[in-house]
Every structure is written in structure tokens, then in C-alpha cells.
Amino acid sequence: MDIKAKLRQTAIDNKAIFKGIATPLLVLATLAMIVLPMPTFLLDTLFAFNISLSLVVLLVAIYALRPLDFAAFPSVLLIATLLRLALNVASTRLVLLEGHEGGDAAGKVIEAFGSVVIGGNYAVGLVVFLILVIINFAVVTKGAGRISEVSARFTLDAMPGKQMAIDADLNAGIIDQDQARDRRAEVTKEADFYGSMDGASKFVKGDAIAGILILVINILGGFVIGMVQHGLAFNEAVEIYTLLTIGDGLVAQIPSLLLSIAAALMVTRQNESEEMGTIVYKQMLGNPKALFVSGGLLFIMGIVPGMPHVAFLSMAFLSLGIGYYLYQDQAKAKETALVTGNASSNAAGGGGKASAEPVKELGWDDVNQVDVIGLEVGYRLIPLVDVGQNGELLSRIKGVRKKLSQEYGFLVPAVHIRDNLDLNANSYRISLMGVTIGEAEIRHDCELAINPGQVFGTVEGAATTDPAFGLEAVWISPEQREHAQTLGYTVVDPATVVATHISQLLTNNASQLLGHEEVQNLLDILTRQYPKLVEGLVPDMLPLGIVVKVMQNLLHEGVPIRDLRTIVQTLVEYGAKSQDPDVLTAAVRIALKRLIIQEINGVEDELAVITLAPDLEQMLHQSMQATGGDAAGMEPGLAQRLQSSLATATEQLELEGMPAILLTSGVLRSTLSRFVKNTIPGLKVLSYQEVPDDKQIKIVSSVGQ
């Protein structure tokens, strides 16, 4: 038994070795045929092998279930083309050297195609050869080349969308990691295959052109050699060398035509796991009405006087008969399906055994988690997020994340990008925790000219609004960029428009990006440098949730948390006295007052502020005490007048190029900050304690006087 097993293993190994060296040997033999002379019997054998190889390739292309099942076709096509051209060179050598002897001087196969196939008439042979070349070159090859070119282009363009669809199915739990990996590999193979087929079609086209040139060269060379070297008469030279050359050309063109048809079949196949015959049968004969109508038209043509009645009427009855058979077959299939469906329903209703597999029980893996930050794009905006198409949006978003992370002091989560076919083609949508916070429509092939407030003319284009800041803007062509800039417009590309919109929305919602995990990571980093400072804070002094809330409050009011050491020191100092997040936030703000003022006013020594009149401030104190510090309890008329006055003062300061700051007491600061955050975004609210001692206060407006 061991000897038999060893013999079987040896046979398997030898078979594997043969598979590995068969193709290299064929390529080397092809190159040898170009250089070395060949006997006629070997040339006949290789001609037969070439024809059989072309037939095998054609049948494999027909019976392949999908184009990717014959992914080696471009390489096979190249090898077969090289083999045929090498045989052309070898046969040309024999025709020119031995052709004057006539008959089978160049081999039995060439003689047969020159005498039997075309009846020994070189004029007929020349016409047949030219017709084959025209069919191959002008019809099959040209059409297949165009289809392969378009298929390759659209397959490559569709790759990002397919990859996003796979990611979406993976995130939705429809497929697992292994299935996603297999589908990604299949998408890559499909793109590689159609790209290779685009190049392989050029082999067939070049082969057809080479066949014409070889025919002309062989005939002219045969005339010269036959008449000059061998002393043949003109008519005799024409007859001998033309017949041999046309026979040689037909032997080469028939395999070439077979391979061209195989290439055309491969690029016109649908990517379905069915044989071509099954697909054609289903789609062409799936509707008997077509056969009924065509049979009726053929019957009418057959009874017209003067027409060949037998031919048309026989085809008419054949079409009607096949149509009737298909109609009856479909009716029986529908009846069987109906009976089966009723039986299944009765079995299910009556408690019988169910034929279907049991439904998988739901688990926690089937629950989808929302993305912290999401970006959905329409299909026309996919090039913006595809690196393969020079999409710049990914790098812009990465730059936005880096900038915001450095500015606020924590790592901004990644933006999950996917396509959404429910959106308009040119639209995008930005979401935070699964909730849409912004969406807009852009033009990926245009640029946005934004009016910053003062321009010196107008530009032609589609009027719109900048999605990030709501400024007036115009979509213009890239050629108008320099002209728009000379008029004072700020011109940006579509990727910058989307990235700026994302940056603005994340800035406005920075507090929602910070959670327990991020704060714990920040504390862990701080522990490496100041272990004693952090070890007594969480959870001994303050719960982690309180620390998170304080930092969220700071971010909500636009205060960065970069100075984590000062924040933690303040929490350690005041945590023993209070665990109220608002009280702790106020204490941290006072500790960060230099950072806050620098963020607002830079390094200027003078601080221009808006204040409240003493009477108004006293009235607000009383109102806050009555409502427990809630601005919603403020008298509506007072709230409206206060908002209007603050908006006017803010606008005046912004026109003068100064930041708008409302200076008030520490008791009112938090309430007024929430009051003006959404209604007057440019106004910052500070308490008296938050102004550093080295800053000079300049009151430019007092509201309420």
C-alpha cells in the first residue's frame, strides 16, 4: 500500500511539473520556429495543433459560466497569436525556398487549403481571404476592441462604488469579514481582467493587419524568387506562389477568426454564473410573443405571389410551433409553482414540516452601531473620494481632522465615507452620531467662487450659497478661476468646499465628539508625565463622567482642552468642594483665562468689550434667581430687546475688525453664553474673573443704557 501511495504521489508531482512547464515550453518552441527551419510534416502537425487550440479556446469561452472563470484568456490569446505568427514565418520560409516545386512543397495542410478549400483558383482564394480578413478586422475585432475598451473604463470607474457597497454591507451585518474579503478580491480580479482584455484586443487587431501584410509580401517575394532565381514564367510563378500564399493565409486566418470570436464572446458576456446557451435561451425564447409575431410576418411574406413559398412558410410554421410549445411550457410551470406554493402554505399553516432552513437567531452582532462622523455622497461625487481617480477629498478630510485635533487637544474620530444611491447624484450629507447635521449639493466638475463681501464685478455661472458659511457664491468653470480671483472672489475646488463644510460643522459640535474613551486616553497620556497629579482624581475624587462633562462644557463654549495639566490641576483643587459640572467648568475657565483671551483677542494688551448696564444686570440677576439660572424664564420682551441690542453691538465691533466680547458677572456668564450661542454666534461671553490682570479693558458699548 505504501508503494502504491508513493507511486500515486509521484504521478501527481509529475503532473504538476508538466502543468508548470507546458506554457514556458510552448513559448520557447514558438520562438524557435521563427529562427530554425522546420520539416513539412512538423509544420503540418503544428498547423493542425493551432486550429485545434483555437477551437478549444472558442469552446471554453462559450462554456465558461462567467468571464472571470476564463481569466487566463488574455494570456492564452497572446500565446496563440505568437504561435500563429511563428507558423507564418516558418511557412513563409518553406513557401519561398521550396515553392517552385509546387504541390506539397510547403506541407500538406497548405496544399489542401490552396487546392481543395478554394478549388485551386487563386482569384477565388484571394477574394475569400480578403473577405475573411474584412470580417475579422472590420467587424469582429473592431467591435470587440470597442466593447473591451468601454468595459475596462466603466469597470474601473465603478470600483469605488463597489468597494463602498461592500463596506456598507459589511457595516450593516449583511456579510462577514471573509465574504467582504472575497468580494473585494473579485472586484479587483474583474478590473484586472477587463483591463487585460482591453490590451488583448490589440493583439487580435494587429494579427489581422499582419495577415494582410504577410500575404502581399509573400506574393511579391514569390514572384521575384520564382522568376529570377528559378526561371519560372510569370503565369507559372503567379499560379504557384499565389496558391501557396493564399493557402498559407487561410490556414492562419481561420484560427485567427476563431480567437477573435472567442475574444468578442468574452467581452460581451454578462457577469452571471450561467452558461451562454442557457442565458441566450432564457432571454431570447423567454417570451413566446416574439415568436408568434415573427411567425405571422413570415407567413404573410410566404403567401405573397412570387415569393419562395416553401422557405418562408416552413420558417413561419417552425416559429409558430416553437412559440406554442414555449407558451404551453410556461403555463405548466406557473401551474406547478402555484400548486407548490399552496401546498407549502397549507403545510406551514397546518403545523407540517417546513422545507426551509431554520431562521438564524438574532444576536448582538446584528445590531448596527452608528458612525461618530459620517459622510454620504451621491454617485457623481465618488471621484472626489477615490484615490485612483485623483480624488483629493480624503486628504483634505485628513487635514481637517489633524487641524482640529491639534486645535482642540484631542483626537477627532475618523470620518466614515460611503456612497448613498438615495441622494441626488451631486449631493452629500454629513452626519454626527447617525443624525444629519448638514447637507448640500455641489458640482464636482466646477469650482466655487465665493463672494467674501466685496467684489468688483460678476462672473457667469450658477448662483448658489457656500454651504459652510452661507455666503453668496457662483459655480464657475475651471477656466474662469483667474478671472474670478481678479474680481475679488475666493475660488475653491469642490473637495475644499466639502472639507470646509465638515470642518465648520465639527467645530460647532466639538463637544459631541468627546466621550469617555477619549477622556480616558487623555488622562492616560497625562499620567505618563504627571502620575501623582492624575492618580487621585478618577475615581477617588471625581467620577469619570463628571470630568467628561466639564471638558464637554469647555468645548461647547469654544475653549480648547490642550492645556490638560491646568484642567486636571483645577479639578483636583475644586473637586473636593463641589461635583457640580457647571461650578467646576467655571473654575477651569478662570484657570484657563490667558488661553481663552489669547484665542479670542490674540496678544493685544487692550480688550474691547460690551457690558450690561448696572440696572439691566441687576434685573437679570433677579430673573435668574427666580428661574434657577434658566434663561428660558426671562421675560420675552426683555429677552428680545437684549438680543437685538447685543446683535447690533456685535455687528458694530465686527465691522471695526475687533472681536465681540460681552463682559458680565460670573453668575450670569454661563446663562448668557447659552442665550447667545445660536442667535449671535460671533459674540463671546466672559466673566470679570476671566480677564487677566495684565489686560486693559475698554468698554465700547453698554447695553441697557
Side-chain angles (χ1 to χ4, degrees), residues 370-374 397 400-415 430-435 437-438 468 500-526 534 537-538 542-571 574-575 579-601 659 661-662 666 669-687 690:
V370 298
D371 300 321
V372 178
I373 309 172
I397 292 177
V400 167
R401 289 183 59 217
K402 183 176 181 181
K403 174 180 175 296
L404 293 180
S405 298
Q406 293 174 345
E407 181 177 338
Y408 284 109
F410 71 96
L411 181 62
V412 174
V415 180
I430 305 167
S431 61
L432 187 64
M433 307 299 179
V435 178
I437 58 174
T500 305
H501 196 188
I502 294 175
S503 176
Q504 184 64 22
L505 292 175
L506 295 184
T507 299
N508 295 339
N509 297 274
S511 60
Q512 299 185 44
L513 304 176
L514 186 73
H516 286 65
E517 196 69 28
E518 289 78 10
V519 173
Q520 186 61 58
N521 288 334
L522 290 174
L523 294 177
D524 292 341
I525 294 172
L526 188 65
V534 181
L537 178 62
V538 178
L542 290 174
L544 181 61
I546 299 297
V547 179
V548 173
K549 183 61 178 175
V550 170
M551 293 189 181
Q552 287 177 341
N553 289 344
L554 294 173
L555 292 172
H556 183 70
E557 296 180 351
V559 179
I561 57 174
R562 297 193 302 268
D563 188 2
L564 189 61
R565 178 171 177 267
T566 301
I567 295 174
V568 173
Q569 280 181 339
T570 307
L571 293 178
Y574 286 88
Q579 291 196 354
D580 187 345
D582 291 335
V583 174
L584 295 174
T585 302
V588 172
R589 284 182 60 92
I590 295 174
L592 295 174
K593 57 186 177 182
R594 293 185 180 277
L595 176 62
I596 295 173
I597 296 299
Q598 180 176 304
E599 291 287 325
I600 298 174
N601 200 45
I661 302 172
L662 173 61
R669 193 213 63 80
S670 178
T671 303
L672 291 178
S673 178
R674 291 192 294 267
F675 176 70
V676 303
K677 178 173 176 59
N678 295 322
T679 56
I680 315 175
L683 181 61
K684 303 295 182 182
V685 183
L686 301 178
S687 68
E690 294 173 359

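FYI, the numbering just counts along the sequence from 1. Quantities reported herein were computed from a predicted structural model and do not represent experimental measurements.
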Polar side chain donor-acceptor pair, D524 to Q520, under 3.5 angstrom
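Yes, Q520 and D524 have a side-chain donor paired with an acceptor closer than 3.5 Å.
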Nearest 0.5 Å, what's the [atom1]-[atom2] distance between [X] and [Y]?
X    : Y    : atom1 : atom2 : result
K593 : L686 : NZ    : CG    : 12.0 Å
L411 : N521 : CG    : CG    : 8.5 Å
I373 : M433 : CD1   : CE    : 8.0 Å
I502 : I397 : CD1   : CD1   : 4.0 Å
I597 : I661 : CD1   : CD1   : 5.5 Å

Residues two or more places apart in sequence or in another chain: which of them pass side chain to side chain donor-acceptor pair (under 3.5 Å) with [X]?
X    : result
T500 : none
K403 : E407
E599 : R562
Q512 : N509

For a quick test of reading the model, state the closest non-hydrogen atom pair linking [X] to [Y] and the distance between them.
X    : Y    : result
L505 : G438 : CD1-CA, 3.9 Å
S511 : H556 : CB-N, 3.8 Å
S687 : G666 : CB-CA, 3.7 Å
Q579 : L542 : CG-CD2, 3.6 Å
L555 : P560 : CD2-CA, 4.5 Å
V372 : P413 : CG1-CG, 3.8 Å

Is any side-chain heavy atom of [X] closer than 4.5 Å to a side-chain heavy atom of [Y]?
X    : Y    : value
V588 : N553 : no
I561 : F410 : yes
L513 : L432 : yes
M551 : L564 : yes

Set of side chain to side chain contact (heavy atoms under 4.5 Å, CB included) partners for [X], sequence neighbours left out:
X    : value
V370 : none
Q569 : L533, R565
N508 : Q504
V548 : H516, V519, L544, Q552

Once salt bridge (charged side-chain N to carboxylate O under 4.0 Å, His left out) is applied, do any residues pair with E690, and if so which ones, sequence neighbours excluded?
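Expected list: R589, R669.
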Checking S405 side chain against V412 main chain: does a donor-acceptor pair fall under 3.5 Å?
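Yes: the side chain of S405 pairs with the backbone of V412.
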Against T585, only a single residue in D580, L554, I590 fulfils side-chain contact (heavy atoms from CB on, under 4.5 Å); can you say which?
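Running side-chain contact (heavy atoms from CB on, under 4.5 Å) over D580, L554, I590 with T585 returns exactly one hit, L554.
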Can you check side-chain contact (heavy atoms from CB on, under 4.5 Å) on Y408 and T507, steps first, answer last?
CA-CA 9 Å; Y408 284 109; T507 299; 3.0 Å; yes
Tell me every residue that passes ring-ring contact (aromatic ring centres under 6.0 Å, His included) with H501, counting only those two or more places apart in sequence or in another chain.
Y428
Using the rule given for side-chain contact (heavy atoms from CB on, under 4.5 Å), can you reason through V568 versus L523, listing the C-alpha separation, both sets of side-chain angles and the distance that settles it, and then say yes or no?
CA-CA 9 Å; V568 173; L523 294 177; 4.1 Å; yes
